[in-house]
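See structure below.
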Amino acid sequence: MKRRSLDVVAVQKKTKTNLTTSHLSDAYYDHDCFKLARSLLGKKIVRKVNDRRLACKIVEVESYLANDDKSSHSYQHKKTKRNEAMFMKPGTLYVYLTYGMYHCMNISSKGDGDAVLIRAAEPMEGVDLMLQNRQRLSKSNKLFDKGVLCNGPSKLCQALDIGLKQNKLNLCNSSELWLEEFERIPEDTIVHTKRIGLNVKRVGEWAMKPLRFYILGNGFVSKKDYNAEKEMAVK
DNA sequence: CACTAGATTGAT
DNA sequence: TCAATCTAGTGA
């Protein structure tokens, strides 16, 4: 009896050690929503299913704020059953169902109710399995290629098989989903532009705010803003 | 309770 | 340009 409990402790210690070497830490996520959003670009999302490792590089994100941002689920810090994860500690995953059939994944940042939507990623590891997931979860009969695997928030969730089961998951200590350091993205190669899919009539000025960030020149972004890119070239 | 619109995707 | 598909949010 005594012997067995010691073994359990040993296993836990070993797991913890492994986690600290690869997982981005609590401290990493504890930054305001703008700063975290931009720093997420170039990081690697790692998903483990049935001992298979899937991974992709984050190339596009958006910030959603809890104050006056009418487009945010946490608008005016309103907490509901759906958006609870946005108010949990930085590094908590917020997954929600949209249009009755798709999922989107966000990461809670510092700031009560603020979160970052992961909009697109570049497939890196386990591409075959990601293709299978997409093929299985989408209704399409067509065969997908690598280019359209993760170039949208719900496509990404399909490719990584992320749904409501993963809502409220802690990215700092989960063995099924976490972030790793990967590539440093220089500030001057980050495009700042308005967010996608917002109803201007309903959201007002917040629909125009530059709260979408993506890696300049990356081919796995969901939608490029050539005007914003041109503006950058001038500077 | 009835009704509406949505942080999307894929087909026409 | 439009349908799929369903729930949170709103208002009676």
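Atom set for the values below is all heavy atoms of this structure, side chains included, hydrogens, waters and symmetry mates excluded. Convention: sequence-line order gives letters A, B, ...; per-chain numbering from 1.
- For A:His103 and A:Tyr96, the ring centers sit 6.0 Å or farther from each other.
- Using modelled atom types, one finds no donor on one side chain facing an acceptor on the other under 3.5 Å when comparing A:Ser138 with A:Ser140.
- Hydrophobic clustering (side-chain heavy atoms under 4.5 Å, transitive across Ile, Leu, Val, Met, Phe, Trp, Tyr) keeps A:Met88 apart from A:Leu171.
- A:Lys70 places its NZ atom 16 Å from the P atom of C:dG9, with the value rounded to the nearest Å.
- Each of A:Arg134, A:Gln166, A:Lys155, A:Met130 was evaluated against A:Leu160; a single residue qualifies, A:Met130, per the side chain to side chain contact (heavy atoms under 4.5 Å, CB included) test.
- As judged by a 4.0 angstrom heavy-atom cut-off over every strand, A:Lys78 is placed among residues touching the sugar-phosphate backbone only.
- Residue A:Tyr99 contributes atom OH, which lies 14 Å from atom C1' of C:dA8 at whole-angstrom precision.
- Rounded to whole Å, the distance from NZ on A:Lys139 to C1' on C:dT5 is 8 Å.
- Using modelled atom types, one finds a donor on one side chain and an acceptor on the other under 3.5 Å when comparing A:Tyr94 with A:His73.
- Contact annotation for A:Met105: no contact, since no heavy-atom pair falls under 4.0 Å across all strands.
- Among the heavy atoms of the strands lying under 4.0 Å from A:Ser140 are primed sugar atoms or P, OP1, OP2 only; no base atom is included.
- If you check every strand for non-hydrogen atoms under 4.0 Å, A:Arg195 touches nothing.
- Across the protein-nucleic acid pair, A:Arg202 atom CZ and C:dG9 atom P stand 11 Å apart, rounded to whole Å.
- A salt bridge links A:Glu181 to A:Lys43: at least one charged side-chain nitrogen sits closer than 4.0 Å to a carboxylate oxygen.
- Atom NE2 of A:His73 is separated from atom C1' of C:dT7 by 11 Å (rounded to the nearest Å).
- Taking the centre and axis of the six-membered ring of A:Phe87, the NZ or CZ atom of A:Lys79 falls inside the cone set by 45° and 6.0 Å.
- DNA chain B forms stems at B:1-6 with C:6-11, B:8-11 with C:1-4, each a run of 3 or more consecutive Watson-Crick or G-U wobble pairs whose two key distances fall under 3.5 Å.
- At the heavy-atom level, A:Phe144 lies under 4.0 Å from the strands shown only through sugar-phosphate atoms.
- B:dA2 sits 23 Å from C:dT5 when the P atoms are compared, rounded to a whole Å.
- As judged by a 4.0 angstrom heavy-atom cut-off over every strand, A:Asn199 is placed among residues touching the sugar-phosphate backbone only.
- A:Arg134 comes within contact range of the sugar-phosphate backbone alone, with a heavy-atom separation under 4.0 Å but no base atom that close.
- A:Lys155 comes within 4.0 angstrom of the backbone, heavy atoms only, and of no base.
- A:Gln158 has its CD atom 13 Å from the C1' atom of C:dA4, to the nearest Å.
- Across all strands shown, A:Leu117 has heavy atoms under 4.0 Å from base atoms, whether or not it also approaches the sugar-phosphate.
- Look at A:Arg119 and A:Glu60 and you find a salt bridge, because one of the NZ, NE, NH1 or NH2 atoms lies within 4.0 Å of a carboxylate O, short of that distance.
- A side chain to side chain contact (heavy atoms under 4.5 Å, CB included) with A:Met86 holds for exactly one of A:Ser74, A:Ser108, A:Ser109; it is A:Ser74.
- Neither side chain, A:Tyr214 nor A:Glu62, offers a donor N or O lying under 3.5 Å from an acceptor on the other.
- Counting 5' to 3', DNA chain B first comes under 4.0 angstrom of a heavy atom of chain A and last does so at the ends given by B:dG6 to B:dA11.
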